[in-house]
Amino acid sequence: MVHPALEPGRTAVITGAASGIGLAAAKRLAKMGMRVVLADLEGAALTAAAASVAADAKGGAKDVLAVPTDVSRKEDVHRLKEKAYQAFGEVAFLMNNAGVEGGGGPWENYAGWEKLLAVNLWGVINGVHEFAPAMIAQQTAAAIVNTGSKQGITTPPGDTAYNVTKAGIKVLTEALAHSLRNEPGGKVTAHLMIPGFVFSGMTARGRTEKPADAWTPDQAVDFMLESMGRGDFYILCPDNAVTRDMDERRMQWAAEDIIKNRPALSRWHPDYKDAFDAFMKAPRG
């Protein structure tokens, strides 16, 4: 099963396309016969990515366009849209995937907060604002995938700024899906990509070999395409260490902090350690 937007000859736009999941998605869609627009910061990585994708594209370099883009700048994303439509006439698939790490705790690293909010959250907002109206106007099957994170759902202690950006993407994408399905004709769908541990430039942290627990970017893209084919909104990826059941239990526990009036982030509260461990091991009723 393949999402109807992902047909040969149609056009995909992917941000954060110079590496990781973005590059894997670009190469996979090119192999499927789609024309691909790669957006990332200007530099050698984007140039190399475009050449790599062109090698997989049915039409070679003529089916691939690289557009240097800082997604935090709305004018850059507007230019990206204009260039995509000028080159290929339409956009069937948009993946707002660009992201960075390096934020901080609630009162730490203000500059890090500003950068993460600008790239991770405003980058997705800019992509939706620029592309969604044009994709709706096409009146053809289309899809928007926004890359979130499990950290935007369970919000673990550590990088609060990162969690905030990914929680914001979840809220935005849920509202986007609701608004799109209420558009006359309803031919554009929205999906929230929620990767597990994926070995990429952002997660490598100096390592050159993939840890056993991690998925490859290709595995994450395979899962994304299968989920889209089923019509899933939440594309909740497992990895080699965390199963779907483990993710569901962690997310259920986080939601029940509110329902049961437990302390915030009780999963990491010493008074609830034993209760959480028991919850994770309990048989499903």
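Just so you know, these numbers use all the heavy atoms, side chains as well, and skip hydrogens, waters and symmetry mates. Heads up: numbering here begins at 1 and tracks the sequence.
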*Trace of the side-chain contact (heavy atoms from CB on, under 4.5 Å) decision for Glu90 with Met135*: CA-CA 8 Å; Glu90 61 107 43; Met135 294 170 76; over 6 Å; no

*NZ/Lys187 to CD/Gln138 distance, rounded to the nearest 0.5 angstrom?*
11.0 Å

*Going by an N to O cut-off under 4.0 Å, is there a salt bridge joining Asp245 and Arg284?*
yes

*List the steps and the verdict of side-chain hydrogen bond (donor to acceptor under 3.5 Å, both in side chains) for Gln252 and Glu248.*
CA-CA 6 Å; Gln252 181 180 340; Glu248 289 177 355; over 6 Å; no

*Is there side-chain contact between Met193 and Asn146, with heavy atoms separated by less than 4.5 Å?*
no

*Between Ser52 and Lys27, is any side-chain donor less than 3.5 angstrom from a side-chain acceptor?*
yes

*Quick one: are Thr243 and Pro238 in side-chain contact, heavy atoms under 4.5 Å?*
no

*Take Glu174 and Tyr234 through the test side-chain contact (heavy atoms from CB on, under 4.5 Å) and record every step on the way to the result.*
CA-CA 9 Å; Glu174 288 169 337; Tyr234 297 102; 2.6 Å; yes

*In Å, rounded to the nearest 0.5 Å, how long is the span from OG1 of Thr154 to CG of Asn163?*
7.5 Å

*Keeping the roles fixed (side chain from Gln219, backbone from Thr216), state whether a donor-acceptor pair exists under 3.5 Å.*
yes

*State, yes or no, whether a side-chain contact exists between Ile21 and Val221 at a heavy-atom distance under 4.5 Å.*
yes

*Any ring-ring contact (aromatic ring centres under 6.0 Å, His included) involving residues 151-193? Give me the pairs, sequence neighbours left out, ordered by first then second residue.*
His3-His191

*Qualifying residue, where the test is side-chain contact (heavy atoms from CB on, under 4.5 Å) with Asn96 and the options are Thr147, Thr173, Val128*: Val128

*Report yes or no: does Arg35 contribute a side-chain atom to a donor-acceptor pair with the main-chain N or O of Ala87 at less than 3.5 Å?*
no

*Given side-chain contact (heavy atoms from CB on, under 4.5 Å), test Glu130 with Leu80 step by step and report yes or no.*
CA-CA 9 Å; Glu130 286 294 331; Leu80 171 65; over 6 Å; no

*asked:* Please find the pair of heavy atoms, one from Leu116 and one from Gly102, that lie closest to each other, and give the distance.
replied: CD1-C, 3.7 Å

*Would you name the heavy atoms of Gly105 and Thr160 that are closest together and state the gap between them?*
CA-OG1, 3.7 Å

*What pair of heavy atoms forms the shortest contact from Gly104 to Asp159, and how long is it?*
N-OD1, 3.0 Å

*Would you list the pairs meeting ring-ring contact (aromatic ring centres under 6.0 Å, His included) in which at least one residue belongs to residues 97-153, sequence neighbours left out?*
none

_Could you list the cluster mates of Trp253? Members are the ILVMFWY residues connected by side-chain heavy atoms closer than 4.5 Å, either directly or through other members._
Val242, Met246, Tyr272, Phe276, Phe279, Met280

*NZ of Lys210: more than 12 outside heavy atoms within 6.0 angstrom?*
yes

*Would Val171 end up clustered with Leu121 when hydrophobic side chains under 4.5 Å apart are linked, directly or stepwise?*
no

*Might you work through the side-chain contact (heavy atoms from CB on, under 4.5 Å) test for Leu6 and Met32, ending with a clear yes or no?*
CA-CA 8 Å; Leu6 307 180; Met32 291 169 59; 4.0 Å; yes

*Is it the case that more than 12 heavy atoms not belonging to Glu42 sit under 6.0 Å from its CD atom?*
no

*Shortest non-hydrogen contact from Ala5 to Ala143?*
CB-N, 3.9 Å

_Over all atoms of both residues, closest heavy-atom pair of Leu46 and Leu41_ = CB-O, 3.7 Å

*asked:* Pairing donors with acceptors under 3.5 angstrom, does anything connect the side chains of Arg181 and Thr189?
replied: no

*Can you check whether Ala17's main-chain N or O pairs, donor with acceptor, with Asp40's side chain at less than 3.5 Å?*
yes

*Output the distance between atom CG (Leu225) and atom CZ (Phe93), rounded to the nearest 0.5 Å.*
7.0 Å

*asked:* Once side-chain contact (heavy atoms from CB on, under 4.5 Å) is applied, do any residues pair with Asp213, and if so which ones, sequence neighbours excluded?
replied: Phe197, Ala241

*Rounded to the nearest 0.5 Å, how far does CG of Asp271 lie from CZ of Arg262?*
12.5 Å

*Is any side-chain heavy atom of Lys170 closer than 4.5 Å to a side-chain heavy atom of Ile153?*
yes

*asked:* Could you check whether Asp277 pairs with Lys281 (Lys NZ or Arg NE/NH1/NH2 to Asp/Glu carboxylate O, under 4.0 Å)?
replied: no

*Counting distance only, does the side-chain N/O of Asn109 pair as donor-acceptor with the main-chain N or O of Gly112 below 3.5 Å?*
yes

*For residues Asp76 and Thr69, is any side-chain donor paired with an opposing acceptor at under 3.5 Å?*
no

*Just wondering, do Val71 and Asn126 contact through their side chains at under 4.5 Å, heavy atoms?*
no

Result block: side-chain N/O donor-acceptor pairs under 3.5 angstrom for residues 60-68, not counting sequence neighbours:
from: Asp63; atom 1: OD2; to: Gly59; atom 2: N; distance (Å): 3.0

*asked:* Taking Ala214's backbone N and O only, do any of them form a donor-acceptor pair with Asn240's side chain (distance below 3.5 Å, no angle check)?
replied: yes

*asked:* Running the 4.5 Å side-chain criterion over Ile, Leu, Val, Met, Phe, Trp and Tyr, what cluster does Trp268 land in, apart from itself?
replied: Leu265

_Counting C-beta onward and ignoring hydrogens, is there a side-chain heavy-atom pair between Trp215 and Pro195 closer than 4.5 Å?_
no

*asked:* Measuring from atom CG of Leu192 to atom NZ of Lys166, what distance do you get when rounded to the nearest 0.5 angstrom?
replied: 9.0 Å

*Counting N and O atoms only, with roles assigned by atom type, does the side chain of Asn97 sit under 3.5 Å from a partner on the main chain of Thr15, one being a donor and the other an acceptor?*
yes

*With respect to Ile194, which candidate in Leu236, Ile169, Asp247 satisfies the side-chain contact (heavy atoms from CB on, under 4.5 Å) definition?*
Leu236

*For Glu209, look at atom CD and say whether over 12 heavy atoms of other residues, nucleotides or ligands are found less than 6.0 Å away.*
no

*How long is the gap from CG on Leu23 to CD1 on Ile14, to the nearest 0.5 Å?*
8.5 Å

*asked:* To check you understand the geometry: which heavy-atom pair defines the closest contact between Ala49 and Ala18, and what is its length?
replied: CB-CA, 3.8 Å

*Just by distance, with hydrogens left out, do Ser72 and Asp70 show a side-chain donor and acceptor under 3.5 Å apart?*
yes

_Heavy-atom check, side chain of Gln151 versus side chain of Pro156, under 4.5 Å_ = yes

